[in-house]
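Heads up, the thing below is written out as structure tokens.
Throughout, numbering of the chain's residues begins at 1 and tracks the sequence. Owing to the predicted nature of the structure, the values given are computational and were not obtained by experimental measurement.
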Amino acid sequence: MERKLVYLAPLARVAVCGGTHGNELSGVHVVRELLKGKRPKKDDDDDDGDVMTVTSVLTNPRAVQQGRRYTDTDLNRCFTRATLSNLVSDGTPYEMVRAQELNTLLGPKGSPQAVDLVCDLHNTTANMGVCVIAYSDRDWMYQLDISTLIFPVKKHIPLTLLANMDSIGPQPHGVVRSNIYTFMKTGVQLMLDWVRLFNSGTVFEGGSVEIYTMVNSVDYPREGHTRNIVAAIHPQLQDQDFCLLRPNDPLFQTFSGDTLRYAGSEPLYAFFINECAYYEKGIALSLARRRCVEVPAIQMKQGLQEHQGEEDTSKEEEEEEEEEEEEEEDDLAA
């Protein structure tokens with residue numbers, strides 16, 4: 001069956017960001033390699049003269065230098081409109097100051113001057129492979145078409161997470177593994193190749209993509225008075241990201257050896273299982289529903305003004321999405 005052709009705005013300005021979390025090293029080294037070239041890099045299309053500008057950014061250089069996830073507060077939580085509009089003082093946490101600097105460089109957020117596509121690179125200690133993650137489905141056709149056509153590996157796409165990013169694992173924090181780095185570097189290059197083809201007017205036929213939409217997160221069992229955890233992920237569940245967790249399946253194993261089982265009534269898919277960075281957030285794993293989405297055929301609409309695609313949301317819808325994103329920030333951010 002022939003898919004309906006949807007026309008979308010060009011992606012003239014692309015940002016590749018690494019080191020949002022300073023100890024997730026694949027993105028750090030991918031960006032450093034990109035920075036060895038021209039900055040920003042302009043790719044001229046000989047046929048129509050269109051230009052794609054690629055800006056590479058080491059997002060949290062202080063945390064990278066210290067080898068830490070962050071120095072004062074999680075940078076991935078600092079991009080709400082309220083935080084971006086706060087006045088800066090000597091006591092303002094570094095990541096909040098840095099978020100405003102990045103907003104000036106790549107934004108302002110939600111404005112016509114903002115970059116068209118941000119690829120924010122992350123690692124996870126969970127066994128999740130290569131994931132394309134989106135905080136909303138406002139630009140889902142770009143993201144799903146890219147994921148369908150560029151990744152030569154299995155794709156998982158949770159649709160209700162915090163930020164636009166690629167997340168690749170498993171890789172310990174503070175460590176760079178050559179195979180994981182190579183996956184990420186290849187994925188970034190394929191993404192840029194896709195954007196060049198899209199901007200040249202290529203029609204992408206779309207296809208079917210499995211997506212995972214987050215339902216909720218589960219904390220570790222804890223002592224009531226100390227809040228210390230009393231169990232770890234069960235061995236049968238460990239490293240089984242995106243496998244179906246059924247009611248009464250083993251979920252945790254207590255430190256005394258007892259098995260605690262999943263008490264939910266609905267079978268759900270577990271992911272970000274035993275992610276190291278989420279211990280401080282009280283998250284042992286997240287649960288999602290899986291469904292199949294038919295991605296329409298897409299093509300750049302010639303002469304379409306930036307940020308004016310047929311699927312663009314209204315200002316009111318964007319504000320509603322912003323509120324939803326801020327509510328979700330305390331649930332999950334890779």
Checking L287, I273, V218 against L245 for side-chain contact (heavy atoms from CB on, under 4.5 Å), the one that qualifies is L287
Shortest non-hydrogen contact from [X] toward [Y]:
X    : Y    : value
P108 : Q113 : CD-CB, 4.2 Å
R13  : P112 : NH2-O, 3.2 Å
V31  : G18  : CG2-N, 3.3 Å
G67  : N23  : O-CB, 3.8 Å
S85  : A82  : OG-O, 3.0 Å
R289 : E266 : NE-OE2, 2.7 Å

[atom2] on [Y] to [atom1] on [X], rounded to 0.5 Å:
X    : Y    : atom1 : atom2 : value
F79  : Q100 : CZ    : CD    : 10.5 Å
R62  : Q65  : CZ    : CD    : 8.5 Å
K185 : F183 : NZ    : CZ    : 14.5 Å
Q299 : L197 : CD    : CG    : 12.0 Å
E24  : D120 : CD    : CG    : 9.0 Å
L8   : F204 : CG    : CZ    : 11.5 Å

Can you list the steps and then say if F272 with Y278 is a ring pair (Phe, Tyr, Trp, His ring centres under 6.0 Å)? CA-CA 9 Å; F272 277 123; Y278 290 169; 5.3 Å; yes
Y262: ring-ring contact (aromatic ring centres under 6.0 Å, His included) partners, not counting sequence neighbours: none
Walk me through it: do S26 and Q171 pass the test side chain to side chain donor-acceptor pair (under 3.5 Å)? CA-CA 9 Å; S26 293; Q171 176 173 280; 3.2 Å; yes
Kindly determine whether R69 and D74 satisfy side chain to side chain contact (heavy atoms under 4.5 Å, CB included), including the steps that lead there. CA-CA 7 Å; R69 183 173 175 84; D74 193 336; 3.7 Å; yes
Please determine whether side chain to side chain donor-acceptor pair (under 3.5 Å) holds for the pair T20 and N76, giving the CA-CA distance in whole Å, both sets of side-chain angles, and the decisive distance to 0.1 Å. CA-CA 7 Å; T20 299; N76 235 1; 5.4 Å; no
Linking I/L/V/M/F/W/Y whenever their side-chain heavy atoms sit closer than 4.5 Å, directly or via other members, would [X] and [Y] fall into one cluster?
X    : Y    : answer
M52  : V30  : yes
V188 : V176 : yes
V195 : I298 : yes
Y7   : V203 : yes
L105 : V115 : yes

Would you call [X] and [Y] a side-chain contact if the rule is heavy atoms closer than 4.5 Å?
X    : Y    : result
T71  : Q66  : yes
E210 : R290 : yes
M96  : L84  : no
F242 : Y212 : yes
P10  : Q302 : no
R177 : P172 : yes
C17  : L106 : yes
L260 : L251 : no

For K281, is there an ion pair with D219 - N to carboxylate O distance below 4.0 angstrom? no
Flag the pair R77 and E95 as a salt bridge only when some basic side-chain nitrogen lies within less than 4.0 angstrom of an acidic carboxylate oxygen. no
Donor-acceptor contact below 3.5 Å, side chain [X] vs main chain [Y]:
X    : Y    : value
R98  : L75  : no
T202 : F198 : no
D241 : N127 : yes
R261 : N248 : yes
T55  : A15  : no
N199 : R196 : no

Show your reasoning for whether side chain to side chain contact (heavy atoms under 4.5 Å, CB included) applies to V64 and L58. CA-CA 9 Å; V64 170; L58 193 61; 4.2 Å; yes
May I ask you to list the residues sharing a hydrophobic cluster with Y94, side-chain cutoff 4.5 Å, ordered by chain and number? none
Could you walk me through whether T213 and I211 pass the side chain to side chain contact (heavy atoms under 4.5 Å, CB included) test, one step at a time? CA-CA 7 Å; T213 304; I211 66 172; 4.3 Å; yes
When you check the side-chain N and O atoms of T226 and E223, is any donor under 3.5 Å from an acceptor? yes
If we ignore angles and hydrogens, is there a donor and acceptor under 3.5 Å between the side chains of N123 and H21? no
For side chain to side chain contact (heavy atoms under 4.5 Å, CB included), just list the numbers for T73 and C78, CA-CA rounded to whole Å, side-chain angles, deciding distance to a tenth of an Å, and then say yes or no. CA-CA 8 Å; T73 190; C78 295; 3.8 Å; yes
Distance-only check: which donor-acceptor pairs under 3.5 Å involve side-chain atoms of residues 231-239, not counting sequence neighbours?
from, atom 1, to, atom 2, distance (Å)
H234, ND1, Q236, N, 3.1
H234, NE2, T259, OG1, 3.4
Q238, OE1, N274, ND2, 3.1

